[in-house]
**Q** 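Below is the structure I would like to discuss, written out as C-alpha cells.
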Amino acid sequence: MESYVETIFITAFLLMLNSCMIGMYVSAKPLKLKKIMLYSIINALIVSLSYFKGSIYFYIILSILATLLLFKNNIKTYIVAISTYILLNLSMYTLLGNSLHLFTYASPINDYTIIIYWIVMILTALLLHYCYGEYLVIKSYIYSVELCTINKRIKGYLDTGNLVMFNDKPIIFLDEYYYEYYKNCSIQLLMIQTIETNHQISAIETYIQIDGYSKMLVYISFIPRSKLVLNCSCLLNVHMIR
C-alpha cells in the first residue's frame, strides 16, 4: 500500500519526539529540547526520503552517529528512546495495519485516522514537557557516583553552590558514615575560602567517578547526614561536570 511522504515524516517526527522525552524521564538524564527536536527532524527526513536500496544501513549509521554526537553522556536515554520508538511503531502497525518503513509506521493514503494519533502524540509531548519539568530538573542534579578507593557506589547531589577548589582539585562533601572506610587514609587540613570567610577543613585526597565522566582526583570532607539532601550520600562539586 502507498503512503504520502509528508504523512511518514510527521509520524516519524512526533513518535521520535515523544520517545526521546520518555527516554529522558525514565533515565532522569535531561537533554536540551533543541537537540531532541533536531534529532527528531533528522530521523523523520531520513525515514521519509530513504527509499533506495540499502537505506536500512543508512538509518543504522544515523543511529550510531546520534549516539556519539547527541547521546554521548546519555546512552541509557538513547536506548530507552529507540526502544520506545520501535515499540510505538509496532503497536500502530498492529492496530492499524498497512506497513513499516525503516521501523516507522506508514499509514495508507486517505486514511485520516492517523490525524487522531498525531493529536494524541502532540498532547502527550506537551504533557511530558510541561507537567514533568520540575521532576526532571530535580532528578537531573542526582548522579551515580563510584568511590573508587573503597569500591562503593552511591548517589550524589550536584550542589550548584559548591565551587570550592584546593590545588585545582574540587572538594566534595561525603556522609560521615563512610569515614570508617577511609580511616586509614592520610588526612589533610585545607584552608578554603567561602563567601563569608576563610576556614579550615579536614579532607582526604582520593579518586571518584561520576557516571558518564572520567575518574577524577578530589578532596573529600565528611559532614553529618542531616546536611545532605534527597537521600543522597554526598554533595558534588560543579567543577566535576564541566
**Q** Any side-chain heavy atom of Cys148 sitting closer than 4.5 Å to one from Gln209?
**A**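 Touching, per the 4.5 Å side-chain cut-off.
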**Q** Under the criterion side-chain contact (heavy atoms from CB on, under 4.5 Å), which of Ile114, Leu88, Val47 is the partner of Thr11?
**A**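 One option only clears the test, and that one is Ile114.
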**Q** Counting N and O atoms only, with roles assigned by atom type, does the side chain of Glu6 sit under 3.5 Å from a partner on the main chain of Ile10, one being a donor and the other an acceptor?
**A**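 Such a contact is absent between Glu6 side chain and Ile10 backbone.
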**Q** Is there a donor in the side chain of Thr104 and an acceptor in the side chain of Tyr85, or the other way round, less than 3.5 Å apart?
**A**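 Tyr85 and Thr104 do have a side-chain donor-acceptor pair below 3.5 Å.
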**Q** So among Ile187, Thr149, Leu174, which one has a side-chain contact (heavy atoms from CB on, under 4.5 Å) with Ile204?
**A**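 The side-chain contact (heavy atoms from CB on, under 4.5 Å) with Ile204 is passed solely by Ile187 among Ile187, Thr149, Leu174.
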**Q** Rounded to the nearest 0.5 Å, how far apart are CG of Asn167 and CG of Leu217?
**A**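 Here the rounded value is 10.0 Å.
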**Q** Check the hydrophobic clustering (I, L, V, M, F, W, Y; side-chain heavy atoms under 4.5 Å; chains of links allowed) and say if Tyr213 and Ile171 are grouped together.
**A**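 Linked, Tyr213 and Ile171 end up in one cluster.
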**Q** Using side-chain contact (heavy atoms from CB on, under 4.5 Å), reason through Met240 and Ile210 one step at a time and then give a plain yes or no.
**A** CA-CA 8 Å; Met240 300 181 70; Ile210 298 175; 3.9 Å; yes
**Q** State, to 0.1 Å, how close Tyr178 and Phe222 come at their nearest heavy-atom pair, and which atoms those are.
**A**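 In this case the closest contact between Tyr178 and Phe222 is C-CE2, 3.9 Å.
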**Q** Give the minimum heavy-atom separation between Asn43 and Ala12, together with the two atoms involved.
**A**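 Taking Asn43 first and Ala12 second, the nearest heavy atoms are ND2-O, 3.9 Å.
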**Q** Compare every heavy atom of Asn89 with every heavy atom of Tyr105, then report the nearest pair and how far apart it is.
**A**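 Looking at all heavy atoms of both residues, the shortest contact is N-OD1, 2.7 Å.
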**Q** Using side-chain contact (heavy atoms from CB on, under 4.5 Å), reason through Ile192 and Asn198 one step at a time and then give a plain yes or no.
**A** CA-CA 6 Å; Ile192 62 172; Asn198 295 340; over 6 Å; no
**Q** Under a 3.5 Å distance rule, please check whether Asn237 uses its side chain to pair with a backbone N or O of Val164 as donor and acceptor.
**A**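 Checked: pair present.
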**Q** Is the shortest side-chain heavy-atom distance between Tyr157 and Leu228 below 4.5 Å?
**A**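 Result no, sub-4.5 Å side-chain heavy-atom pair not found.
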**Q** Identify the heavy atoms of Leu235 and Asn162 that sit nearest to each other, and give their distance.
**A**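 So the two residues come closest at O-ND2, 3.9 Å.
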**Q** Quick one: does Met24's side chain get under 4.5 Å of Ile36's, heavy atoms only?
**A**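 Yes, side chains in contact.
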**Q** Can you name the nearest heavy-atom pair linking Asn18 to Met121, along with the distance?
**A**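 Closest pair (atom of Asn18, atom of Met121, distance): ND2-O, 3.1 Å.
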**Q** Between Tyr117 and Leu14, does a side-chain contact (heavy atoms from CB on, under 4.5 Å) hold up when you go through it step by step?
**A** CA-CA 10 Å; Tyr117 286 87; Leu14 291 174; over 6 Å; no
**Q** For the pair Asp211 and Lys76, find out whether any cationic side-chain nitrogen is under 4.0 Å from an anionic carboxylate oxygen.
**A**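 Between Lys76 and Asp211 there is no salt bridge, as every charged N stays at least 4.0 Å from the carboxylate O atoms.
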**Q** Considering only heavy atoms from C-beta outward, does the side chain of Phe173 approach that of Lys227 to under 4.5 Å?
**A**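 Heavy-atom side-chain distance check fails, nothing below 4.5 Å.
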**Q** Would a hydrophobic clustering, with Ile, Leu, Val, Met, Phe, Trp and Tyr connected at side-chain separations under 4.5 Å, put Phe9 with Phe58?
**A**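 Linked within one cluster.
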**Q** Do you reckon Tyr57 sits in the same ILVMFWY cluster as Leu45, going by side-chain contacts under 4.5 Å, direct or chained?
**A**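 Linked, Tyr57 and Leu45 end up in one cluster.
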**Q** Heavy atoms, side chains only, cut-off 4.5 Å: are Lys169 and Val218 in contact?
**A**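 Contact flag for Lys169/Val218 side chains = no.
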**Q** Do Ile150 and Ile172 belong together in a cluster built from hydrophobic side chains that touch within less than 4.5 Å?
**A**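 Ile150 clusters together with Ile172.
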**Q** Check for me, please, whether Met92 and Leu95 land in the same ILVMFWY cluster - side-chain distances under 4.5 Å, paths through other members count.
**A**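 In one cluster with Met92: Leu95, yes.
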**Q** Find the distance between CD1 (Ile201) and OG (Ser221) and round it off to the nearest 0.5 Å.
**A**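 Atom-to-atom, Ile201:CD1 and Ser221:OG are 4.0 Å apart.
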**Q** Pick one: which of Cys234, Cys232, Ser144 meets side-chain contact (heavy atoms from CB on, under 4.5 Å) with Ile154?
**A**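 Answer to the side-chain contact (heavy atoms from CB on, under 4.5 Å) test with Ile154 among Cys234, Cys232, Ser144: Cys234.
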**Q** For the atom pair CG (Leu190) and CD (Gln188), what is the distance rounded to the nearest 0.5 Å?
**A**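 Reported to 0.5 Å precision, the distance equals 6.0 Å.
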**Q** To the nearest 0.5 angstrom, please state how far the CZ atom of Arg225 sits from the CG atom of Asp175.
**A**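 If I round to the nearest 0.5 Å, the distance is 4.0 Å.
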**Q** Please check if the number of heavy atoms outside Tyr93 that lie under 6.0 Å from its OH is greater than 12.
**A**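 No, OH of Tyr93 has 12 or fewer neighbouring heavy atoms, counting only those of other groups under 6.0 Å.
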**Q** Please assess Tyr39 against Tyr78 for the test side-chain contact (heavy atoms from CB on, under 4.5 Å), listing each intermediate value before the final yes or no.
**A** CA-CA 11 Å; Tyr39 178 60; Tyr78 178 75; 3.8 Å; yes
**Q** Is there a donor-acceptor pair under 3.5 Å between the side chain of His239 and the backbone N or O of Met165?
**A**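 No: the side chain of His239 does not pair with the backbone of Met165.
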**Q** Which value, rounded to the nearest 0.5 Å, describes the distance between Tyr207 atom OH and Glu146 atom CD?
**A**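 Nearest 0.5 Å value for the OH-CD distance: 13.5 Å.
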**Q** Do you know which two heavy atoms are closest between Met216 and Pro170, and how far apart they sit?
**A**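 For Met216 versus Pro170, the nearest heavy atoms are SD-CG, 3.7 Å.
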**Q** Measuring from Glu205:CD to Ile220:CD1, what's the distance to the nearest 0.5 Å?
**A**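 Spacing of CD (Glu205) from CD1 (Ile220) equals 10.5 Å.
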